[in-house]
Amino acid sequence: MAEANGGGRTRPRGFYVRMRLLNAKHGRQTEKNKVLCYRFLKWVLWLSLSSYFLSSFFITHNPKSHKSAISFAKTTLSRHKTTVASRVLFESLNTTLLQQPRSHQGLLKNLKVYVYDLASKYNNDWLSNERCSNHLFASEVAIHRALLNSEVRTLDPWEADFFFVPVYVSCNFSTVNGFPAIGHARSLLSSAVDLISSSHPFWNRSRGSDHVFVASHDFGACFHTLEDEAVADGIPQFLKNSVILQTFGVKHKHPCQEAENVVIPPYVSPEVVQSTLEKYPASGRRDIFAFFRGKMEVHPKNVSGRFYSKRVRTVIWQKFGGDRRFYLKRHRFAGYQSEIARSVFCLCPLGWAPWSPRLVEAVVLGCVPVIIADGIRLPFPTAVRWPEISLTVAERDVGKLRQILEHVASTNLSTLQRNLRHPSTRRALLFHGRMQKGDATWHLLDALSHKLNRSRGRSRLRNESIFDT
């Protein structure tokens, strides 16, 4: 049966049915081809990725080719920036695939440190006095312990980037006043250098440029409490080519920082800090406006033409000793950290040297440090944003402290306190027996990783890789 068209022509209904069937069949065939193509591409991609990861696994876990693979990777990274992205992608994917815990190594440029195993007279014998491992100069002990337990430590000195020389020179406590006596430091260190230079080739190979020492004393590797004496003696000649980890640092030229150096924080026990915070949380009530406990001479003595603290502490005592908003104490108190935890502002004036452990104690206990030490160079400035957590008052303006502190208290105090409470800030200033990512040992190693141009071991690997290509 036919249907009339507009022009009078007619077509059988079967024609339209056949056309629709043909179109449907053609569409199904096209769709089927698409599905097959998609499956084919998916299988190719899966096989490619599987082959890539499998071969990567065998390469990175083959002990025979491990060293050459590392050497090639290091050379490629230094010569081709595009390889950095691909290697990062590879390491990230490979780690995820194998579900291995991520180490600190990738963040420290695969740094390798060899720790000399010296006779106990250079280090462990001093630990018979318990103070050796917990006083303000004890970073020399803490760093040694952390490196021994660290992933960056290598037992193969030939693959080391740096060599750590563990000599404790600040544990010889005076029988007169109990303070560390460091008159023996130069001879003890010189003896250690003679030993390692005669029994190992690495010191002579680099003239000590890739060797690392700790000098956590008033004026660093000058090894003297008084600045005039320290400057006169200077850094021992045998240390001037090495890297010094030191608590002393100033922004201007100074004879006691003429060697390559990294400014580190003074030692404060993380266990004692944790104990204090459990009793006095950093976010708790603070009923002391401005706090300082320490040596403040009423009549400062002229010692070799200098006055202790450049008279700054004397001015603080004279000007604010009777001010009820200032909690100032001149005598020692074993539980003084509890006073810091109760304080809003903690004064950190210079002593003989510009640095002080009060700076670290204030930060980790949530008290805003008030730094009164012109030109001081602070530890780890890229990790600890000092301008955002502290106040700096010029020594000449110490008499205006009350006005300065009251102004801050009425403006941006809450911002400073909020910044202080950030866990990474506290972590960066504390040393732990086992290194933690972001702690003081981690940051000093990060600083060393930016000085790899001093490493003869890294230079040797680089040269060997260039010749191999």
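What you see is a predicted model, and the numbers here were worked out from it, not measured in a lab.
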If you round to the nearest 0.5 Å, how far is [atom2] of [Y] from [atom1] of [X]?
X: L452; Y: R454; atom1: CG; atom2: CZ; value: 11.5 Å
X: T276; Y: Y336; atom1: OG1; atom2: OH; value: 9.5 Å
X: R311; Y: R306; atom1: CZ; atom2: CZ; value: 12.5 Å
X: I372; Y: I316; atom1: CD1; atom2: CD1; value: 4.0 Å
X: S198; Y: W203; atom1: OG; atom2: CH2; value: 12.0 Å
X: L444; Y: L147; atom1: CG; atom2: CG; value: 7.0 Å

Ring centroid separation for [X] and [Y], is it under 6.0 angstrom?
X: Y308; Y: W352; answer: yes
X: W126; Y: H184; answer: yes
X: F162; Y: F164; answer: no

Checklist entry - Stepwise, does the side-chain contact (heavy atoms from CB on, under 4.5 Å) test hold for V262 with H443? => result CA-CA 10 Å; V262 176; H443 281 294; over 6 Å; no
Flag side-chain contact, heavy atom, 4.5 Å: [X] against [Y]:
X: L448; Y: D161; result: no
X: W386; Y: P379; result: yes
X: E227; Y: C256; result: no
X: E140; Y: S170; result: yes
X: Y122; Y: S191; result: yes
X: F137; Y: Y267; result: no
X: F248; Y: H254; result: yes
X: L405; Y: L391; result: yes

Checklist entry - Does the side-chain contact (heavy atoms from CB on, under 4.5 Å) test come out yes or no for I376 and T392, once each step is laid out? => result CA-CA 10 Å; I376 187 173; T392 299; over 6 Å; no
Next on the checklist: Under the criterion side-chain contact (heavy atoms from CB on, under 4.5 Å), I'd like the reasoning laid out for D125 against S120: C-alpha separation, chi angles, the key distance, then a yes or no.
Outcome noted: CA-CA 5 Å; D125 284 354; S120 60; 3.1 Å; yes
[X] side chain vs [Y] backbone, donor-acceptor pair below 3.5 Å:
X: Q257; Y: V250; result: yes
X: S216; Y: Q246; result: no
X: N261; Y: I244; result: no
X: R313; Y: K295; result: yes
X: H432; Y: R434; result: no
X: S209; Y: S242; result: no
X: R286; Y: A341; result: yes
X: S343; Y: C346; result: no
X: S190; Y: R186; result: no
X: R293; Y: I340; result: no

Do other residues, nucleotides or ligands put more than 12 heavy atoms under 6.0 Å from [X] [atom1]?
X: H422; atom1: NE2; answer: no
X: R330; atom1: CZ; answer: yes
X: E130; atom1: CD; answer: no
X: K279; atom1: NZ; answer: no

Checklist entry - What residue among Y114, F238, F163, F202 forms ring pair (Phe, Tyr, Trp, His ring centres under 6.0 Å) with H211? => result F163
Taking all non-hydrogen atoms of both residues into account, name the closest pair between [X] and [Y] and its distance.
X: V364; Y: L277; answer: O-CD1, 3.9 Å
X: V268; Y: L430; answer: O-CD2, 3.6 Å
X: T247; Y: V263; answer: O-CG1, 4.0 Å
X: S338; Y: G335; answer: OG-O, 2.6 Å
X: A192; Y: V167; answer: CB-CG2, 3.7 Å
X: A440; Y: L429; answer: CB-C, 4.2 Å

Item to check | Evaluation steps, side chain to side chain donor-acceptor pair (under 3.5 Å), between Y168 and H144 | outcome: CA-CA 10 Å; Y168 304 165; H144 183 202; 2.7 Å; yes
Checklist entry - Which is it for W442 and Q436 under the side-chain contact (heavy atoms from CB on, under 4.5 Å) test, yes or no, and what are the steps along the way? => result CA-CA 7 Å; W442 192 93; Q436 301 176 10; over 6 Å; no
